[in-house]
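So the structure is just underneath, and the comments pick up after that.
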There are 2 protein chains.
Amino acid sequence: MTLMVRLSDCTPPGLAAFLRSQKVTPTAQRLNIAQILFTQHAHFSAEDVFNEVNKSDAVVSKATVYNTLGLFVERGLIKKVLVDPVKVFYDSNVAPHHHFYDLDSGKIQDIEPDQISLKEVPDLPDGTCLASVEVVVRVRKQ
Amino acid sequence: MTLMVRLSDCTPPGLAAFLRSQKVTPTAQRLNIAQILFTQHAHFSAEDVFNEVNKSDAVVSKATVYNTLGLFVERGLIKKVLVDPVKVFYDSNVAPHHHFYDLDSGKIQDIEPDQISLKEVPDLPDGTCLASVEVVVRVRKQ
DNA sequence: TTATAGAGTTAGACTTATTCTAAGTCTAAC
DNA sequence: GTTAGACTTAGAATAAGTCTAACTCTATAA
């Protein structure tokens, strides 16, 4: 269930098998979206995915794009990245890593996990368990 | 210009002097908003500030709330906190620290700086300089 | 003081990301 | 093949945040 496994076969049948293995019914729309997400490392907004998936002949509605991204997040196939105050990005790299966010260009870049790491994880608030640790390094021109 | 200095005098004249020292003209609306932000440690959404400031007799418009929060961020008096996918929070604690975000309740909590810290800052992308480093530890019930 | 320029504020319209709704379509299990 | 329920859809709805254009205040100079 790592990124490598997913990327090993990005043909429609390969993606369909992968989705099935994740208990996701592989519909035509989901395959189109999966193809976009899993054949390249990038950070997509919902709008990016919508534009990309509808660039060719395929037509997938906005609602389905949001539904599918939400489902994939729920299944752990992609991760939400909250770096921009106005929209959510989605990252098909679910391995532990962090992000640069360029305030001027709005571009997101991965920070490799060995490039940054926490000295210690703080004591969590009572009655809670860890969900994720996200580091965002904001940079600007110059 | 630390939090301590600011909190030492939260009377209207004290706040007015503080704003003036930060090159911010102390209007009635800004004083009302500053009072809310600087007399307690908390994380406010724009809506929180709007409700709080209009709870008593004062009436401050939504536009002014957004303008003022933006101005205070620009002047470094408060910080934006991006932890929630749908709205921005503002933190009157500008000292270096990080945040817990409870996915179930939506509550934000400070992580003291000695509780977490980075082993090393990664090499920044070419042509950029550091703006900020933000760590968000997401937790959930249990 | 008072006049004035420009900074600040306002209501409400607007924009934009995201969610909802209700009706139609597909999938898969029998 | 039927069928129940999962999936998709267009478009309406929601909600955070921004914009506009008119009005009001602040503070500086005379």
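These numbers come from the heavy atoms of this one structure, side chains and all, not from hydrogens, waters or symmetry mates. Please read all numbers here as calculations on a predicted model, not as lab measurements. Convention: sequence-line order gives letters A, B, ...; per-chain numbering from 1.
- From the 5' end on, the contacts that DNA chain C makes with chain B at under 4.0 Å to a non-hydrogen atom open and close at C:dG8 to C:dA13.
- For B:His43, the ring pair (Phe, Tyr, Trp, His ring centres under 6.0 Å) partners are B:His99, not counting sequence neighbours.
- Residue B:Gln29 has no polar side-chain atom (N or O) positioned under 4.0 Å from OP1 or OP2 of D:dC25.
- The 5' end of DNA chain D is approached more closely, in terms of each residue's nearest nucleotide, by A:Val65 than by the other of A:Val65 and A:Lys62.
- OP1 or OP2 of D:dA27 sits under 4.0 Å from a side-chain N or O of B:Arg20.
- Side-chain contact of A:Asp48 with A:Ser45: a donor-acceptor pair under 3.5 Å is present, judged by distance alone.
- Using a 4.0 Å heavy-atom distance criterion, A:Thr64 is classed as a base contact.
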Assess the residue pair B:Gln109 and B:Asp102 against the criterion (side-chain contact (heavy atoms from CB on, under 4.5 Å)); give the C-alpha distance rounded to whole Å, side-chain angles, the decisive distance to 0.1 Å, and a yes or no. CA-CA 8 Å; B:Gln109 238 179 99; B:Asp102 190 311; over 6 Å; no
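- Here the P atom of nucleotide D:dT14 and the OH atom of A:Tyr66 are 17 Å apart, to the nearest Å.
- In this structure, B:Phe50 atom CZ and D:dA15 atom C1' are separated by 14 Å, rounded to whole Å.
- Contact between the side-chain N/O atoms of A:Thr27 and the OP1/OP2 oxygens of D:dT8 is found at a separation under 4.0 Å.
- Proximity of the aromatic rings of A:Phe72 and A:Tyr90 is defined here by a centroid distance below 6.0 angstrom, and this criterion is not met.
- Between the CG atom of A:Leu31 and the C1' atom of D:dT8 there is a distance of 14 Å, given to the nearest Å.
- B:Lys80 places its NZ atom 15 Å from the P atom of D:dA16, with the value rounded to the nearest Å.
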Under 3.5 Å, which donor-acceptor pairs link side chains of residues 128-142 of chain A to any protein atom two or more places apart or in another chain?
unit_1: A:Thr128; atom_1: OG1; unit_2: A:Pro125; atom_2: O; d: 2.6
unit_1: A:Glu134; atom_1: OE1; unit_2: B:Arg138; atom_2: NH2; d: 2.6
unit_1: A:Arg138; atom_1: NH1; unit_2: A:Val83; atom_2: O; d: 2.9
unit_1: A:Arg138; atom_1: NH2; unit_2: B:Glu134; atom_2: OE1; d: 2.6

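- When hydrophobic residues (I, L, V, M, F, W, Y) are linked wherever their side-chain heavy atoms come within less than 4.5 Å, A:Tyr66 remains an isolated member.
- Annotated stems with DNA chain C as a participant read C:1-30 with D:1-30, given as range with range, by first number; only runs of 3 or more Watson-Crick or G-U pairs under 3.5 Å qualify.
- Following rounding to the nearest Å, B:Asn67 (CG) and D:dA16 (P) show an atom-to-atom distance of 17 Å.
- In the hydrophobic cluster analysis, where Ile, Leu, Val, Met, Phe, Trp and Tyr join through side-chain heavy atoms closer than 4.5 angstrom, A:Ile111 is grouped apart from A:Phe89.
- Of the residues near DNA chain C, A:Ser45 and B:Val24, the one whose nearest nucleotide (by heavy atom distance) lies more toward the 5' end is B:Val24.
- Judged purely by distance below 3.5 Å, without hydrogens or angles, the side chains of B:His97 and B:Asp91 pair a donor atom with an acceptor atom.
- Residues near B:Val86 contribute nothing to a hydrophobic cluster around it, because no ILVMFWY side-chain heavy atom sits closer than 4.5 Å to its side chain.
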